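Here is the naming used below: chain letters follow the sequence lines, and residue numbers restart at 1 for every chain. Because the structure is a prediction, the values reported are computed rather than measured.
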Number of protein chains: 2
Amino acid sequence: MTVTLREVAAAAGVSIKTVSNVINGYAHISARTREAVEKAVADLGYQPNLSARGLRSGRTGAIGLVIPDLKNPYFAELAGSVMRAASQHGLAVFVEQTGGDRAQELAVLASPRMRMADGILFSVTGLDQADAATVAFPVTTVLLGERIFGAGADHVTMKNVEAARAATEHLIELGRSRIVALGARPHEVSGSAGLRLRGYREALEAAGIPFRDELVVDATPWHRADGARAVRELLAAGTGFDAVFAFNDTLAFGAMRALGDAGLGVPRDVAIIGFDDVDEARYSMPALTSIDPGRDEIAETAVRLLAARIGGDSTEPFVLHEAAFRIVTRESTGG
Amino acid sequence: MTVTLREVAAAAGVSIKTVSNVINGYAHISARTREAVEKAVADLGYQPNLSARGLRSGRTGAIGLVIPDLKNPYFAELAGSVMRAASQHGLAVFVEQTGGDRAQELAVLASPRMRMADGILFSVTGLDQADAATVAFPVTTVLLGERIFGAGADHVTMKNVEAARAATEHLIELGRSRIVALGARPHEVSGSAGLRLRGYREALEAAGIPFRDELVVDATPWHRADGARAVRELLAAGTGFDAVFAFNDTLAFGAMRALGDAGLGVPRDVAIIGFDDVDEARYSMPALTSIDPGRDEIAETAVRLLAARIGGDSTEPFVLHEAAFRIVTRESTGG
DNA sequence: ATGAAAGCGCTAACAG
DNA sequence: CTGTTAGCGCTTTCAT
């Protein structure tokens, strides 16, 4: 049933080495030979056995993508971008979900399945700085996400502080000054929430707008309902505000809903900007202004770095790449 | 660097066959030998080389999941379920997106990457009945989704007609009689839209409620904005209705938004039910009643069938499995 | 219950 | 420019 190199070689009247050379695009082959081989390959429907190639070459041609959860639109879209980038490099992508859980992240790293990959893209969430020293990556790894997490790997991240600052400045430019920071986490410093809050503060300071504790609200775990609840509580408490910087788009959707229910207009009464620029932001009503954190750039860069490491640059110093972000202006801020 | 069976065998003072037996859980091994081997495995941190195993055994231990688009929450969640089910069987999952496009579906099937899988789960969208005769699946395939698409493979699908009928009946039981079918497609018969419309008709007929053309509205491509637009047009046209059966949840979210904007209460003025039961249905406001089409059952069954085929039941007749659905009642229908 | 040895299909030295 | 050949690490007869 399965056709091997040997059979192709026999059919083409050459040695298997020549067939291998043709298949792998080796340069110095006479046109006649190449044609004969290509014909035999086509006639027999030859397809290389990837396990054999992998055993011999030490490469599988696959990379692993380890993320918290595909249910989260940000990660689903990131996975899509990674798959697109990987296919440019001829790499297959297999995905592992961790639930953002420390124990599961460790379990996935230790899993024998990971050895099917030449390298992994690992979006760390549960592991923390303290684990950095202990954790052993089973294969070449590129880290995704905002944590620093030691230096044992290349790292691709987003400009959380700068993007958050720009988001806040965008609202300030609209003439808003009572801006809610929706999704802040009081005790977090180095995670997304901490960094985005820092950008928020910087923008306020630069504009000379006082920072008000009552406008900084927690809304864990950043689901739609959390955004709605938080905004409802603000309204109930009589806290005045004219803009919301939501730390992710999902929170923003919830906030918009709560504002609508309260009869407030977006952006007339309250302008809103989100973060992530998920697909749905284009389709919400009103369409949501958001920060595109550079998802495609993150995916492409991460895959490129990983492919390069796999290709052999193991001596290069580790790289930290911060993707460029941009504000995507839509109806929710008057665009 | 990499530890092989040979080294483990040397360390344990046995042959590589014995080590292999221990690792693969072969029965007849003395306790002392097993312990010695396990100790050596642990000490040396041995991990099997999956390419070598694959070459020898003819199995890679991976399956492919071919779907239209991870951006679509239904497929993102399906992928999550598939990965969970696959990991029960010790299988890795790699994902390929097709964009639901016929050409890309063919390209993916022909891709050498597919040969990295022992089998694939293929959610067909672009290929149609006419392709059924021509298409060659590169490996064992289980089809996902509502199309019949020939009989050259096992097939796992959902009860579209029955579920749609139940959804409509649920609205009728609430006392509603002017029920919008949101997302119908006039000329489609065998796709989801056609089947769901059929269930809708059946429910109306059974209840003696007249079928009204003006309540059946197209809203392609089933995005949130399409649902909102369609509902707005209905309202503008003065078409009275007291319920909406949305053919997917995203349409339902859009519809709810448009109703809210128009000052109509859900479910007071208009009850709404969706289809898919995506995660977001729990978090929308109001929370959306929806049809769970049996996503987990679909994933588990498909993986189980595929694993069985891979395991060797190639002579078994092809199976058609229709997953059980259920209505998940939430606020949007007064739950 | 354990060992010896063949060979899965491919790539890459090394020859010629 | 092309052919010969030696393994990659594992599973699996076939012996013992």
*To the nearest 0.5 Å, how far apart are CZ in R59(A) and CZ in R53(A)?*
11.0 Å
_Can you measure L50(A) atom CG to dC8(C) atom P for me and round it to whole angstrom units?_
18 Å
_Salt bridge present between K159(A) and E322(A) (N-O < 4.0 angstrom)_ = yes
*Could you work out which one of dC10(C), dC10(D), dC8(C) sits closest to the side chain of L55(B)?*
dC8(C)
*What's the spacing between T141(A) OG1 and F122(A) CZ if we round to 0.5 Å?*
8.0 Å
*Measure from CD1 on I23(A) to C1' on dG9(C) and round the result to the nearest Å.*
11 Å
*Taking atom P of dC8(C) as reference, at what distance in whole Å does atom CZ of R53(A) sit?*
18 Å
*asked:* Quick check: closest heavy atoms across A52(A) and L55(B), and the distance to 0.1 Å?
replied: CB-CD1, 3.6 Å
*Once you round it to whole Å, what is the distance between P of dC8(C) and CD1 of I16(A)?*
12 Å
*Enter the distance from D69(A):CG to S123(A):OG here, rounded to the nearest 0.5 Å.*
11.0 Å
*Take the C1' atoms of the five end pairs on each side of the helix from dA1(C)-dT16(D) to dG16(C)-dC1(D), get both axes, and report the angle to 10 degrees.*
30°
_Near-strand residues of residues 40-49 of chain A, defined as heavy-atom separation under 4.0 angstrom from DNA chain C_ = Y46(A), P48(A), N49(A)
_Test applied, side chain to side chain contact (heavy atoms under 4.5 Å, CB included); reference residue, T157(A); option that passes from I298(A), L143(A), L144(A), L320(A)_ = L320(A)
*Given dG9(D), dT12(D), dG9(C), which nucleotide is nearest the side-chain atoms of K17(B)?*
dT12(D)
*asked:* Closest approach to the side chain of L5(A), judged atom by atom: which nucleotide of dG9(D), dT11(C), dG9(C) is it?
replied: dT11(C)
*Kindly say if T18(A) contacts the phosphate of dG3(D), meaning a side-chain N or O under 4.0 Å from OP1 or OP2.*
yes
*Side chains of T60(A) and D118(A): do they bring a donor and an acceptor to under 3.5 Å?*
yes
*Would you indicate whether the side-chain heavy atoms of Y46(A) and V19(A) approach each other to under 4.5 Å?*
no
*Can you tell me if the side-chain N/O atoms of S57(A) get under 4.0 Å from OP1 or OP2 in dT11(C)?*
no
*asked:* Using whole Å, what does the distance between atom P of nucleotide dG9(D) and atom CZ of R59(B) come to?
replied: 23 Å
*Test for a donor-acceptor pair under 3.5 Å between the base of dG7(D) and the side chain of R56(A), counting only N and O atoms.*
yes
*Between atom CG in N21(A) and atom P in dG9(C), what is the gap in whole Å?*
20 Å
